[in-house]
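These notes are about the structure you will find just below.
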Amino acid sequence: MREMDKAFDFKTAQTRWYARWEAAGVFTADRESAKTPFSMSLPPPNITGNLHMGHALAYTLPDVVARLKRAQSFDVCWVPGVDHAGIATQVIVERQLKEEGTDRHKLGREKFLERIWAWKAQNQDDIENQLRRLGASVDWTRKRFTMDPDLNRAVRKVFVEAYRQGRIYRGPRMIQWDPASQTALSDLEVKHVERHGHLWHLNYPLADGSGHITVATTRPETMLGDTAVAVHPEDERYTHLVGKLVKLPLTDREIPIVADAFVDRDFGTGCVKLTPAHDPNDHAAGLRLGLPSLTVIGFDAKMTREAGAAYAGLDRFECRKKVVADLEAAGLLAKTQSHTSMVACSDRTGAVLEPLVSEQWFMKVDEAAKAALEAVRDGRIKFTPEHHVAVWEHWLTNIQDWCISRQLVWGHRIPAWTCASCGALHVELEAPPACPGCSSDDLVQDPDTLDTWFSSALWPFSILGWPDETADLKRYYPNDVMCTSYDIIFFWVARMAMSGLTWMKEIPFRQVYFNSLVRDEGGQKMSKSKGNVIDPLEVMDEFGTDALRFTLISMSAPGTDIALSRTRLEGSRNFCNKLWNAARFVQMNLTDDVTLALDPEFGEAEHWMKGRIAETLKAVTEALEHFRFHEAADLLYHLVWDDFCATYIELAKVNLTSGTPAQKAAILHFLDFILRALHPLVPFVTEEIHEAVVADRLKPGEPRMLAQRAWPLGDPLLSRPGGDATLIPRFQEVLSAFLRLKAENGVDPAKRVPAVCSVRELAPFAEAFKAIARLESLEFPSGDLASPTRAVAVVAGGTAALDLAGLKDPAAEKAKLEKEKEKLEKELAGLRGRLDNPRYLEKAPAEEVEKAQALAAEKAARLEQVRALLG
RNA sequence: GGGCGUAUAACUCAGCGGUAGAGUGCUACCUUCACACGGUAGAAGUCCCAGGUUCGAAUCCUGGUACGCCCACCA
């Protein structure tokens, strides 16, 4: 048996074990198994980067669940994978090309794609290895990439079916255009950012020369594309002008003044310029009123020829300056106000978006949204924490059609072909050899790709082999649990629900657990620009993976964000080390004949420890099954530190060093229970200890690796009858009293003094008292212990005292007793107040009253002792 | 403009109807034969404010206040 080091060396442990688990197939699901299946899908990380702290949390929590379920004898299928991350990936590779002095247009579509695939291969390996370092117990034999050929087949299948059903359509519509990445975006990819700008008041002269009308705008450059000015139909200030024409400044056009109820009379001047080509509101109004649309800004965010010779080719923001200057020069700038507004920006590139009309593909989602709403309302899908339901309801009831086409190269290519000769559009699973209409073979595939989330939406079933009816699909769909971050509830969770219900006719998962967001020590969101990012890879190097996991788990109270701090990480590392050293101490004292096959011998301490483990295991199981990870971590922390290390091992030291094999077997069993209970949370340190201490002492037939051992809840040993559960807490109180008396009287803790105690039931613990509190002797006499040389403390059921002779500090003792008396009197007064209230006695549950009475009796007894000692 | 969340010890957070808790930090002491990534003892809280429900409220309700987040086309 290997000797254990003085401190837990996590670096070697965490590289050794994952490879062994994986090689032994511990994480491989078995579709032939007779066990009950339990399935999850890993939210696929983007191939664009390293694991960040959000991933660490989002993958640790389901790993706890997976390891628990595996131990509870479920056939766990947790499928991992990575996401191609359309825009993000393309932006990164394009940036690399730029550094090399080239770009994707020079390279050409095919070469560019090759380049991205090569980059992807490297990154995928990296991120997969980072997942392994984290300990994520996923089934690598089933790993997927969102652009794998069979996932592409699923995407094409959905696209073609949806098109045939009329759920997918193509058409010119106003979309949000990102000039930086040169693609359309969906509404979800738009972030509204507060920007300080101006509100310019512009005078538009009336064509008949009878004055002017003043409009207010934040985007003066768009005035070059105005096709009307709108006022509210009931705005008396302007009704007389409706129908008149104004002369649009800086152009030679005349445009009408129209009335529409969408105008807010109280904003600006109450007159709004209408630019149907460049504003979603104006676009809608233009359609309502039959106004022409004039595109003055192009896809490159530069002004078009339509903007006029003076402005064509200018960047939109340059043009803004020029338009303002020109209007001012013409005396038409009435006022410039500073103004703060929410500007639509790309979530990905940060660029200011341009609303533009263009030909795009859209998906109708109203029906699917209803189904998804229904599934949550009727409880088929449950959310933890539940408050996310409100957000879900709001978004899905106001959902708009989804713009799914992207003008990107990296992604699933849209399976649509246009005939170059007859112009017919064909949406097919495979490229048609010739146009079914005119037989021309000159078919051109749509160059666009699909929104990344289109393939993500199919993830829970596409990874199991859909559209084929595979055995995996039958067994593992729907998933039991989906653990993910709430910031992608719309992007991903809602869309998975909608597509699952549409294509599988069945929910994709029964339970969604939304994990928290990880923030920095001060509660700030981590971001590169703030420089407060804590890198999980570095944390794993410095504190160990187990410490990182334990910290995240212990801070994962549902519904609150996590402020990750160094001190918490240190605390978790210390905890792992504490466990390690307790195990090391046990191991040092075990002889080869001590095994888990021995029938252990229980004394009072063992009965108590057994009870503590049994209670804790029950509570931990309950907590984990309800996603109260922090509660499980807290319970186990105290079980290990307070109960096992501080109390039990101290009491068992005699047995441990000189006991019989049967007595030592009890200790071994307890350590074994603790390792099994902690393994889902801190797999590396527990496996390492298991190897060093337990693996050679297992019962015949038990798996040698902890990762394969069973969850210990319900083990017969934990319900062995016997023992007085109150004895150990009373022992602890008396022990603590002895130690305190030494401290209070300024006695060196190492000085051995004679002691007495009136609680005679504790006599069997005399040796433990003497060893731990370092007493010279300990008697359990009957009668009054008080004496001038004794320092006395009141404990439950009696008194405990040290014979200090000249060392006693009477003043300190008196002060202490006075303080205790005050406290007891106050507590007793509170209890009496309650118990003397007839309405309390009448209305409170009997159980409560009894508890209060017992407590009052105990306090009264103590108070009496204290008073007696004070004389 | 809507919606959600959070306010508890110096810090970070649990608890959420029946004697105020943890970790870290702080003070004093301890090189006790598993662990100084340790041990012992201790100090430390009008549980944001104001009302209400209740025998009883940090916990439930109402209204404030302060932060944080999400959604939304007011030019």
OP1 or OP2 of B:rG39 sitting under 4.0 Å from any side-chain N/O of A:W641? yes

By the 4.0 Å heavy-atom rule, please label A:E650 as base, sugar-phosphate, or nothing. base

Charged N to carboxylate O under 4.0 angstrom, A:E827 versus A:R862? no

With a non-hydrogen cut-off below 4.0 angstrom, is A:V215 in contact with a base, only sugar-phosphate, or nothing? nothing

Tell me what A:C576 touches on the nucleic acid: a base, only sugar-phosphate, or nothing, going by heavy atoms under 4.0 Å. nothing

Determine yes or no for a side-chain-to-main-chain donor-acceptor pair under 3.5 angstrom, with A:E813 supplying the side chain and A:V792 the backbone. yes

Looking at A:S736, I'd like to know whether one of its side-chain N or O atoms comes within less than 4.0 Å of OP1 or OP2 on B:rA41. yes

With a 3.5 Å cut-off and heavy atoms only, can you find an N or O donor on one side and an acceptor on the other between the side chain of A:N837 and the base of B:rC55? no

Euclidean distance, atom CG of residue A:D634 to atom P of B:rG23 [Å, nearest integer]: 9 Å

Which base, if any, makes a Watson-Crick or G-U wobble pair with B:rU32, both distances under 3.5 Å? none

SB check A:K11 A:D9 (cutoff 4.0 Å): no

Is the charged tip of A:R219 near the ring of A:W200: under 6.0 Å from the six-membered ring centre and within 45° of its axis? no

Whole-Å distance, A:N574 CG to B:rC37 C1', equals 4 Å

